[in-house]
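Just below is one structure, and these are the notes that go with it.
No experiment lies behind these values; they were computed from the predicted model shown. Counting convention: from 1, in listed order, for ligands and their atoms alike.
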Amino acid sequence: MVNAIIFGAPGSGKGTYASRLQSKLGVDVIATGDVFREIIKENTPLGRKVKGYVEKGLLVPDDIVVEVLKKRLAKTTSGKGFILDGYPRTVEQAKALEKIAKIDVIIKLTVPEWIIIERLSTRRICKNCGEVYNIRYLKPKVDMICDKCGGPLYQRPDDTPEVIKERIQVYERQTQPILQYYKEKSVPFIEFKCEEVDIPPEVVVEKLLKGLKRLKLV
Ligand code: ADP
């Protein structure tokens, strides 16, 4: 069993690697962005409240995020642990998490800006199941169709170079204090520094798995 948090700028490959680690290790992957998008679809009072923040690109307030995460974690059924993606985004959220679950490891991905821009402007996502593709580096078998579920692929409206640069800066500003927090708590880190735009996901995942094995977490 392993409870991990994965950190990486938008376009660092976080979602892709988390999804592959999920298949390999049987862990649950909880991406708060996806959880919020599901809640918004439900169109409940909570969903309408959350929508206001997400659509403006603002962080959802900590009290709501923590409640939502608690409920989602209570539903994890694998018994193999979890990987959090998109949580915590504030030190307050990290502190709240400490009361809910023990974190064994931080997975940190470092990717240069030019690679992120190159990758995100060519990224496509399945509308149906959220699987991530790339029209240059990670093509689906059939053009614009998801290999996994046959759903249609689309491009996120914020996957443009100007918006991407801004999102990277926001990410750095938000994440530094949280990484610092976990360093002070002596939570072990597995760091992967990307240097090639087209590094195959399996190579990265193997390295991450090696890191987990070295820490005797899998
Ligand atoms: P992005 O990488 O573009 O930020 P995500 O899918 O991770 O996309 O998140 C989408 C939106 O959901 C965020 O812009 C934010 O409004 C909300 N969100 C996700 N996770 C959190 C969190 N931990 N705290 C606050 N808001 C969050």
Residues that, via side-chain heavy atoms closer than 4.5 angstrom, fall in one hydrophobic cluster with Tyr133: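 Besides Tyr133, the cluster holds Met144, Leu153.
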Apart from Ile135 itself, residues in the same hydrophobic cluster as defined by side-chain heavy atoms under 4.5 Å: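 Its cluster partners, ordered by chain and number, are none at all.
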Atom pairs and distances, ligand 1 N/O vs protein N/O under 3.5 Å:
unit_1	atom_1	unit_2	atom_2	d
ligand 1	3 (O)	Arg156	NH2	2.7
ligand 1	4 (O)	Arg89	NH2	2.7
ligand 1	6 (O)	Arg37	NH1	3.2
ligand 1	6 (O)	Arg37	NH2	2.8
ligand 1	7 (O)	Arg89	NH2	2.9
ligand 1	16 (O)	Leu58	O	2.5
ligand 1	20 (N)	Thr32	OG1	2.7
ligand 1	20 (N)	Gly86	O	3.3
ligand 1	20 (N)	Arg89	NH1	2.9
ligand 1	23 (N)	Gly86	O	2.8
ligand 1	23 (N)	Gln93	OE1	2.9
ligand 1	24 (N)	Gln93	NE2	2.9
ligand 1	26 (N)	Val60	N	3.0

Donor-acceptor contacts, no H, no angles, side chain residues 19-32, under 3.5 Å, sequence neighbours left out:
unit_1	atom_1	unit_2	atom_2	d
Arg20	NH1	Glu202	OE1	3.3
Ser23	OG	Ser19	O	3.1
Asp28	OD2	Ser78	N	3.4
Asp28	OD2	Ser78	OG	3.0
Thr32	OG1	Gly86	O	2.9

State, without any angle test, whether [X] and [Y] hold a side-chain donor-acceptor pair at a distance under 3.5 Å.
X      : Y      : result
Gln180 : Glu184 : yes
Arg119 : Asn134 : no
Tyr181 : Glu98  : yes

